[in-house]
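Down below is the structure, laid out as structure tokens.
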Amino acid sequence: MARKAAIIGGGVIGGGWAARFLLNGWDVAVFDPDPQAERKIGEVLANARAALPALSDVPMPAEGKLSFAGTITEAVEGAEYIQESVSERLELKHRVFAQIQQSAPETLIGSSTSGFKPSELQEHAANPGTIFVAHPFNPVYLLPLAEVVPSPKNAARDIERAKEILREIGMFPLHVRKEIDAHIADRFLEAVWREALWLVKDGVATTEEIDEAIRMGFGLRWGQMGLFETYRVAGGEAGMKHFMAQFGPCLQWPWTKLTDVPEFNDELVDLIAGQSDAQSGHHSIRELERIRDSNLIGFLRALKDRNWGAGKVLREHDARRAVAFHDAAPTGAPLVMAQMQVLPGWIDYNGHMTESRYLFAASETSDAFLRLIGAGMDYVAAGHSYYTAETHIMHLGECKLGDRLTGTLQVLGADEKRLHVFIRIQRGDEVVASLEQMLLHVDMKANKTCAAAPGVLAKLDPITQAHKALPRPEAAGRFVGQRRA
Ligand SMILES: NC(=O)C1=CN([C@@H]2O[C@H](COP(=O)(O)OP(=O)(O)OC[C@H]3O[C@@H](n4cnc5c(N)ncnc54)[C@H](O)[C@@H]3O)[C@@H](O)[C@H]2O)C=CC1
Ligand SMILES: C[N+](C)(C)CC(=O)CC(=O)[O-]
């Protein structure tokens, strides 16, 4: 029998909660008077089904059953857990809690509220001790954080049970020990939001410039080390105390319109530095720098794979250097088309780079070559592309975490429809894998081969001719299991 959660309020956030519970195997009953609620939740659920499983490396549980209740009473019947996500109006939340507790007086109720304190939510409640804050972040089905904020009226065992339920659906329940308006995260968001509104209002920056300032810089840092660990590293080997000493005086400078700041004194420095030492002191600064850099490489590669934000910048930089490199460099050698680093997610249970990542590395190499000859994303968007029809991979060496790899490409032959290449994945001068591939040029709409565009062939031909002078790789034409000479 699946466990049941009740979602009261099925908008942006309630829909996300419903998806999070459903995809983790819970049955979900939603109550929302909006006649569009079922459609809207269906759209959120479609997003979640397309996204959440991609984060899992184990099979997802069977999806729970979704139902839409006609009343709050029907929704909460038999529910083990209730999440309230109605509009951010305190009197509305009070009314909803009262309706819930008429039929479920003992069931835990998490509120998605962005800013009300639990003690405010609990006012007038028949059983205030079951109401607490469980504040999520949009999209709830992907972002794990839920700020769990109790008041003294909540029993510790109830809060621990609520936190365990949130963990079971893949969330990170951050226990906020002292209730305050907007909890922890929303206070940061509000501070940044208000400063951003001033910058736009005063004509200092546009919304786009502010977003670029975030996602090209500190946004990447905050996503993997937050604020304090980032600044600890920024303090260099002298750590947080040095950082505080250097940047403490800034608190008196007009660096923000938020002017209510704590007095900068030794007590504050010792408090911050002491907690930073307790949080991160088990790593040296150099270790933190390597962890930071490895995390940022993973983030940036993920963004590059999607050609988004800072990843778009990386792709554009590659394209510029590729053209410059190949315009200048003689094409009488295999073309160096890709550089990559073996990331933690590439390591398999044998402790080395997993086999599929060699094909990924070759794909990065061939994709870069296709961009070089004008058959990149814009060419694909116009309806033509090269599809890989055949690959022979030879695994020649083990790659380990952190190895820096290079992908080179040699054209073995080409005509208007076919592109026959030999790719080497190298660690320095060592070839750790070779891949012989045949790619076919395709009309994607007709889904059949066709001649490549004259502009593409014009860029491909000189490389093909130049590569005829290269020695044919010994492994070219081999079949699987063929004995080596
Ligand atoms: N939108 C966001 O980025 C975030 C919002 N929150 C919080 O989540 C809560 C919901 O916000 P959103 O989902 O963004 O708002 P929303 O406007 O998308 O959804 C609110 C839903 O409540 C429904 N509703 C209104 N009265 C109701 C009632 N008596 N019974 C049941 N449903 C009722 C509405 O029909 C609507 O579908 C708010 O407390 C908000 O502060 C929390 C985190 C992020
Ligand atoms: C803007 N906001 C206050 C609704 C933001 C949140 O509450 C959390 C989030 O998802 O950013």
Side-chain angles (χ1 to χ4, degrees), residues 5-21 28-45 47-48 66-77 79 82-104 109-118 120-122 125 131-149 166 171-174 176 179-197 207 210-211 214-215 219 222-223 226:
I7 305 296
I8 310 302
V12 168
I13 295 304
W17 277 111
R20 169 76 73 169
F21 274 104
V28 170
V30 175
F31 173 73
D32 188 322
D34 179 355
Q36 293 299 314
E38 190 163 344
R39 175 187 59 77
K40 289 190 290 188
I41 286 187
E43 288 169 14
V44 172
L45 199 46
N47 282 350
L66 173 62
S67 61
F68 290 87
T71 64
I72 283 182
T73 301
E74 184 189 335
V76 302
E77 187 182 350
I82 301 168
Q83 184 68 24
E84 170 274 313
S85 301
V86 301
S87 318
E88 187 72 351
R89 298 199 325 266
L90 190 57
E91 80 289 344
L92 172 59
K93 292 182 187 292
H94 284 158
R95 204 159 63 239
V96 164
F97 295 143
Q99 289 174 297
I100 290 170
Q101 294 196 332
Q102 279 174 354
S103 52
I109 307 170
S111 172
S112 298
T113 180
S114 297
F116 294 121
K117 297 191 289 277
E120 294 173 306
L121 298 174
Q122 294 165 349
I131 300 167
F132 61 96
V133 172
H135 173 238
F137 288 76
N138 189 34
V140 181
Y141 53 80
L142 281 184
L143 298 190
L145 178 61
E147 290 175 304
V148 175
V149 192
L166 294 172
M171 298 191 88
F172 177 81
L174 176 63
V176 179
E179 70 170 13
I180 186 172
D181 296 297
H183 329 310
I184 295 174
D186 271 2
R187 296 182 72 85
F188 273 94
L189 289 171
E190 194 59 22
V192 169
W193 176 244
R194 292 182 186 185
E195 189 61 36
L197 294 179
T207 57
I210 289 169
D211 280 354
I214 294 169
R215 69 180 184 175
W222 280 15

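Just so you know, these numbers come straight off a predicted model, no measurement behind them. When a ligand or atom number is given, it counts from 1 through the structure's own listing order.
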Find all atoms of ligand 1 within a distance of less than 4.0 Å from any non-hydrogen atom belonging to G9, and give their numbers and elements. 22 (O), 31 (C), 32 (N)

Any idea which part of K93 is under 4.0 Å from ligand 1, heavy-atom wise: side chain, backbone, both or neither? side chain

Of the listed options (N138, I8, L92), which comes nearest to atom 26 (N) of ligand 1 when hydrogens are ignored and any heavy atom counts? L92

Can you check which of A134, S111, S85, A69 brings a heavy atom nearest to atom 20 (C) of ligand 1? S85

Q99 side chain to T73 side chain, donor-acceptor N/O pair below 3.5 angstrom: no

Check whether any protein heavy atom sits under 4.0 Å from atom 1 (C) of ligand 2. no

T113 and E88: side chain to side chain contact (heavy atoms under 4.5 Å, CB included), yes or no, with the steps? CA-CA 6 Å; T113 180; E88 187 72 351; 2.7 Å; yes

Nearest protein heavy atom to atom 25 (C) of ligand 1, by residue and atom, and its distance? S87 OG, 3.9 Å

As an exercise, state the distance from CD1 of I180 to CG of D186, rounded to the nearest 0.5 Å. 12.0 Å

Side chain to side chain contact (heavy atoms under 4.5 Å, CB included) evaluation trace for Q102 with I72: CA-CA 10 Å; Q102 279 174 354; I72 283 182; over 6 Å; no

Ligand 1 atoms nearer than 4.0 angstrom to some heavy atom of F31 are 30 (N), 31 (C), 32 (N)

Ligand 1 and S114, any nitrogen or oxygen pair closer than 3.5 angstrom? yes

Looking only at protein heavy atoms, what sits closest to atom 4 (C) of ligand 2 is S114 OG, 3.6 Å

Find all atoms of ligand 1 within a distance of less than 4.0 Å from any non-hydrogen atom belonging to D34, and give their numbers and elements. 35 (O)

Look up atom 32 (N) of ligand 1 and tell me if a protein heavy atom lies less than 4.0 Å from it? yes

More than 12 heavy atoms of other residues, nucleotides or ligands under 6.0 Å from CD of E38: is that the case? no

D34 and K40 ion-paired at < 4.0 Å: yes

Would you confirm whether E147, through its side chain, and V133, through its main-chain N or O, come within 3.5 Å as a donor-acceptor pair? no

Between H135 and L145 (side chain of the first, backbone of the second, donor and acceptor by atom type, cut-off under 3.5 Å), is there such a pair? no

Mind running side chain to side chain contact (heavy atoms under 4.5 Å, CB included) on L66 and I41 for me, showing each step along the way? CA-CA 10 Å; L66 173 62; I41 286 187; 4.2 Å; yes

For V86 and K93, run side chain to side chain contact (heavy atoms under 4.5 Å, CB included): C-alpha distance rounded to whole Å, both residues' side-chain angles, the deciding distance at 0.1 Å, then the answer. CA-CA 7 Å; V86 301; K93 292 182 187 292; 3.7 Å; yes

If we ignore hydrogens and angles and just use 3.5 Å, is the side chain of E84 paired with the main-chain N or O of V96 as donor and acceptor? no

For ligand 1, find out whether one of its N or O atoms is nearer than 3.5 Å to an N or O atom of G10. no

Less than 4.0 angstrom from a charged side-chain N to a carboxylate O is my criterion; do E43 and R39 meet it? yes

Of I13, V86, T71, T113, which has the heavy atom at the shortest distance from atom 9 (C) of ligand 1? V86

Counting only heavy atoms, tell me which of A146, G11, A75, P136 gets closest to atom 43 (C) of ligand 1. P136

Side chain, backbone, both or neither: which applies to F137 and ligand 1 if a contact is any heavy-atom pair less than 4.0 Å apart? neither

Sub-4.0 Å protein heavy atom near atom 6 (N) of ligand 1: yes

Any N or O of D32 closer than 3.5 Å to N or O of ligand 1: yes

Is E190 touching ligand 2 with its side chain, its backbone, both, or neither, if touching means heavy atoms under 4.0 Å apart? neither

Any N/O of E84 closer than 3.5 Å to an N/O of ligand 1? no

Does any N or O atom in V12 lie less than 3.5 angstrom from one in ligand 1, N or O only? yes

Among protein heavy atoms, which lies nearest atom 11 (O) of ligand 2, and at what distance? L189 CD1, 3.5 Å

Spacing of CG belonging to L189 relative to CZ belonging to F137, to within rounding of 0.5 Å: 6.0 Å

Short N/O distance, under 3.5 Å, between E88 and ligand 1? yes

Counting only heavy atoms not in E74, do more than 12 sit closer than 6.0 Å to its CD atom? yes

Nearest neighbour in protein (non-hydrogen) for atom 9 (C) of ligand 2: F137 CD2, 3.4 Å

Short side-chain donor-acceptor distance under 3.5 Å, S112 and Q83: yes

Report the part of D186 in contact with ligand 2, treating N, CA, C, O as backbone and CB onward as side chain, heavy atoms under 4.0 Å; options are side chain, backbone, both, neither. side chain

Distance to 0.1 Å, residue and atom name: give those for the protein heavy atom nearest to atom 10 (O) of ligand 2. N138 N, 2.9 Å

With atoms numbered from 1 as shown, which atoms in ligand 1 lie under 4.0 angstrom from a non-hydrogen atom of H135? 42 (C), 43 (C)

Heavy-atom nearest neighbour in the protein, as seen from atom 8 (O) of ligand 1, with distance rounded to 0.1 Å: S112 CB, 3.6 Å

Taking H183 for the side chain and S114 for the main chain, is one N or O donor matched with an acceptor at less than 3.5 Å? yes

